[in-house]
Amino acid sequence: MTVHPERTTFTGWFWSAIQSATGFTPTVVEEVKNAIHSTYEIPERSLADVKWTDQGRIQELINHLSDHLRDLQELREQQQQTGIAQGRALPADFLTRKKFQLLLDRVKATRPSSAFLFNYFESLNCQKCKIETLDKGLLQFRNLREVSFTGNRLRCLEHLPQGLEIVNACANRISEVGDLSHNVHLRHIGLSYNELDMLTNLVPTHVGTTGFIDNTTSSLPTLTPRSPATPVPCTTPYLTGLVSLDLGFNRLTDLPETIQALATHPHLLVLVLQGNPLALVPKYREYTLYHLMSLRTLDDVDVSPEEQEYRESEVELDPSMPQYAEVTVVLRIPKIEGLAPDPDAKPVEVEIDTGKGGKKGGKEPPKGAGKKDAGKGGKGKNAAESDEPPEPIVTYQTCVYLEGVFAGRTITTPEVPKQPRKPPAEGEAEGSVDPVELDFMTTLTFGPEVVLRDALLRPAKFQVWEVFKTLTLIPDPSLPEEEQPPPTEECVRQRIGHVDVSFADVLLPPKVENVTVETVDKMQANEFIHIDHLREEAIKQAKQKEESTESVVDEEELRRQQEEEERKRREEEEAQAAKAKGKKAAAKPAAKGKPGKDEPSEDEEPKEIIRYYNPMDLDVRVHMALSLNPTKPATPEPVEEDVLAVSAATSKSPGKKKK
């Protein structure tokens with residue numbers, strides 16, 4: 001009984017691929033092997049979709065299977081004609097007997113057994129085939145020289161055929177590698193974009209003072225200074241033919257330990273460690289090339305003549321120095337452009353009567369400053385002598401700021417006011433709006449951690465917030481302007497959108513010192529937002545919550561409350577009407593002339609301030625820049641002429657002139 005392997009294993013995938021290309025299954029192969037399927041025919045298949053091996057090679061296999069089935073059919077026909085099928089002896093005729101024997105030998109020689117199919121292929125391209133396990137069936141492919149498992153779901157690289165020379169298993173979930181001691185012919189191993197955090201079974205085990213590395217220990221002995229012509233010794237015959245190793249974008253964090261392990265491959269010519277956290281340290285390339293003398297290409301960049309000179313020098317590199325263990329990230333957010341203007345960007349300047357014979361402030365007198373009416377006679381009283389308390393001065397301001405998380409650190413910029421709209425130029429319908437200058441910069445220090453690599457590799461999300469501030473200032477007439485108490489703030493915050501920022505380009509250069517990436521990203525806005533409406537809704541919800549917590553009052557109490565609220569509302573309306581009437585009467589003497597540019601006429605109605613806008617209609621761009629391991633600017637040495645000039649200037653005494 002033939003057991004069909006699971007589709008997620010390598011053997012299951014192989015039989016599925018063979019069946020789709022040739023129509024053969026494990027059951028059919030076994031039956032053809034036992035000459036049961038004497039009339040089986042290869043179905044017509046289209047080879048246009050065959051990507052896992054050479055289409056010509058598959059066509060040769062189909063032709064071979066067809067020839068075998070044709071010979072098998074002919075053999076069955078001769079058996080029926082001569083009566084051999086009924087157990088009779090071979091025919092007495094020599095030619096007939098010889099022809100039958102040759103046909104029988106050809107059928108046996110071309111019999112398509114499982115071993116024949118396994119040994120038929122020399123290269124397989126198993127990319128994106130949803131393979132999860134490499135089972136022991138892979139060991140039966142003794143003639144396999146090159147295989148690719150890129151883009152699958154493997155967690156362990158194991159059971160590789162002994163004659164394999166090239167293996168690529170990139171973009172999987174591999175966190176461990178099986179024993180490769182029998183793979184002496186391996187020349188290239190590709191394991192980029194996986195989850196390796198150690199080099200277990202990629203380097204010989206038990207290497208210590210005699211040249212063997214013990215992978216079970218947590219740390220390795222420090223690399224000692226070496227002679228340029230003397231490589232690190234390795235006395236174990238492990239992957240002796242390995243010349244190329246791709247370990248890019250894994251989880252390797254310890255640079256000295258990794259280089260110490262890779263030094264056991266004396267013939268390694270090509271190495272890729274780019275994208276690992278250890279490759280973010282400033283002196284990563286120099287340290288790697290210095291200790292791996294056989295390398296000719298590191299991270300797809302050939303070793304330059306200058307680097308070769310540096311390698312052959314006797315400079316000692318101490319792996320305990322900060323440049324091998326610290327990564328510095330400088331994040332800058334200079335500005336945001338495209339935001340809607342702030343109608344309250346220019347708050348009204350007020351005058352404050354200090355009572356000392358002068359007024360400080362702007363153009364418009366404060367409300368309720370306590371001035372005596374001109375109609376009652378007298379010179380008037382100043383604000384200090386007034387019995388009425390000064391009315392509060394209320395202004396509004398809209399600010400924006402950004403907030404996000406980068407590598408586990410919360411980044412928050414200061415709140416910066418939005419800009420007003422400029423007066424329109426000639427021929428323009430409306431004026432432009434200057435960008436909001438944040439001028440934010442922060443410096444972060446990390447170790448070579450996976451979280452930092454992931455933060456650089458994946459887009460970071462920064463939220464754009466808008467803050468509507470209500471500033472209330474109660475002036476104190478007894479104090480000068482510079483000593484006035486600060487205004488109180490009431491803030492309503494609302495997220496208006498977000499930006500997805502990618503800094504992955506900092507991982508591309510061969511050196512990660514003083515690398516800067518600047519981005520301009522468009523804000524993905526939220527749906528329609530009306531911040532004033534949000535404030536009213538918040539107040540309404542607070543009132544509803546307060547009412548829900550209170551006990552139910554009787555109808556009489558509720559009626560009294562409504563009457564009291566109605567009475568207060570009428571009093572407020574009468575007070576506002578009287579106050580407006582008094583303002584018009586006070587403004588009549590000043591209105592004899594023509595109104596100024598900043599003063600509206602009596603007949604002109606005040607313009608309504610519109611704070612309604614839809615962020616979806618805005619084209620907001622956020623400017624950001626990230627620098628990796630920036631070098632400190634060197635202080636230039638003073639020129640000799642400048643030194644002489646400074647010394648001459650300091651030698652002059654500022655004393656009195658001589659008579």
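Predicted, not measured: the structure shown is a model, and the values here were computed from it.
- A search for side chain to side chain contact (heavy atoms under 4.5 Å, CB included) contacts involving Ser192 returns Cys170, Asp246, not counting sequence neighbours.
- Applying the salt bridge (charged side-chain N to carboxylate O under 4.0 Å, His left out) test to pairs two or more places apart or on separate chains, those with a residue in residues 142-158 are Glu132-Arg153.
- Ring geometry for Phe14 versus Phe118: interplanar angle of 30 to 60°, hence tilted.
- A pairwise comparison of heavy atoms in Asn514 and Pro630 identifies OD1-CA, 3.8 Å as the closest pair.
- Under a cut-off of 6.0 angstrom, the local environment of CD in Gln308 is crowded, with over 12 non-hydrogen atoms contributed by other residues, nucleotides or ligands.
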Worked check of side-chain contact (heavy atoms from CB on, under 4.5 Å) between Thr200 and Glu176: CA-CA 7 Å; Thr200 306; Glu176 58 178 329; over 6 Å; no
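- The backbone N or O of Leu402 sits less than 3.5 Å from a side-chain atom of Thr413, completing a donor-acceptor pair.
- Asn172 places no side-chain N or O within 3.5 Å of a backbone atom of Asn194 that could act as its donor or acceptor partner.
- Across every non-hydrogen atom of Leu271 and Thr288, the tightest pair is CD2-CG2, 4.3 Å.
- A distance of 9.5 Å separates CE of Met523 from NE2 of His498, quoted to the nearest 0.5 Å.
- In this structure, His291 contributes its side chain and Pro256 its backbone to no donor-acceptor pair below 3.5 Å.
- Here the side chain of His182 pairs a donor or acceptor atom with the backbone of Leu160 at under 3.5 angstrom.
- With respect to the salt-bridge test (charged N to carboxylate O, under 4.0 angstrom), the residues Arg187 and Glu165 qualify.
- The side-chain heavy atoms of Leu191 and Val177, taken from C-beta on, include a pair separated by under 4.5 Å.
- When all heavy atoms of Gly178 and Cys156 are compared, the pair lying nearest together is N-SG, 4.1 Å.
- Contact record, Arg311 with Met293: NH2-O, 2.5 Å, taken as the closest heavy-atom pair.
- The CZ atom of Phe440 sits 6.5 Å away from the CG atom of Leu331 when rounded to the nearest 0.5 Å.
- Atom CG of Leu268 sits about 5.5 Å away from atom OG of Ser294, to the nearest 0.5 Å.
- Residues Val167 and Leu186 approach most closely at CG1-CD2, 3.9 Å, considering heavy atoms.
- Contact check for Ile336 versus Val620: side-chain heavy atoms found under the 4.5 Å cut-off.
- For the atom pair His188 NE2 and Leu269 CG, the distance stands at 13.0 Å (nearest 0.5 Å).
- Asn629 places a side-chain N or O within donor-acceptor distance of the main-chain N or O of Leu280, the cut-off being under 3.5 Å.
- For the pair Tyr193 (side chain) and Gly151 (backbone), a donor-acceptor distance under 3.5 Å is absent.
- Neither side chain, Asp135 nor Thr133, offers a donor N or O lying under 3.5 Å from an acceptor on the other.
- Interatomic distance, CG of Asp500 versus OG1 of Thr519, reported as 11.0 Å (0.5 Å rounding).
- At distances below 3.5 Å, at least one donor-acceptor pair connects side-chain atoms of Thr258 with backbone N or O atoms of Asp254.
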Can you give each donor-acceptor pair under 3.5 Å made by side-chain atoms of residues 441-462, sequence neighbours left out, with the distance rounded to 0.1 Å?
{"unit_1": "Arg453", "atom_1": "NH1", "unit_2": "Asn250", "atom_2": "O", "d": "2.5"}
{"unit_1": "Arg453", "atom_1": "NH1", "unit_2": "Gly275", "atom_2": "O", "d": "2.9"}
{"unit_1": "Arg453", "atom_1": "NH2", "unit_2": "Asn250", "atom_2": "O", "d": "3.4"}

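- Remark: the backbone N or O of Leu252 is paired with a side-chain donor or acceptor of Asn276 at under 3.5 angstrom.
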Asp299/Tyr284 under side chain to side chain donor-acceptor pair (under 3.5 Å): CA gap, chis, key distance, verdict: CA-CA 11 Å; Asp299 296 335; Tyr284 147 74; 2.7 Å; yes
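- Taking CG of Leu626 as the reference point, atom CZ of Phe503 lies at 5.0 Å (rounded to 0.5 Å).
- Between the side chain of Asn152 and the backbone N or O of Cys126, at least one donor-acceptor pair lies under 3.5 Å.
- Side-chain atoms of Thr297 and Asp302 include a donor-acceptor pair closer than 3.5 Å.
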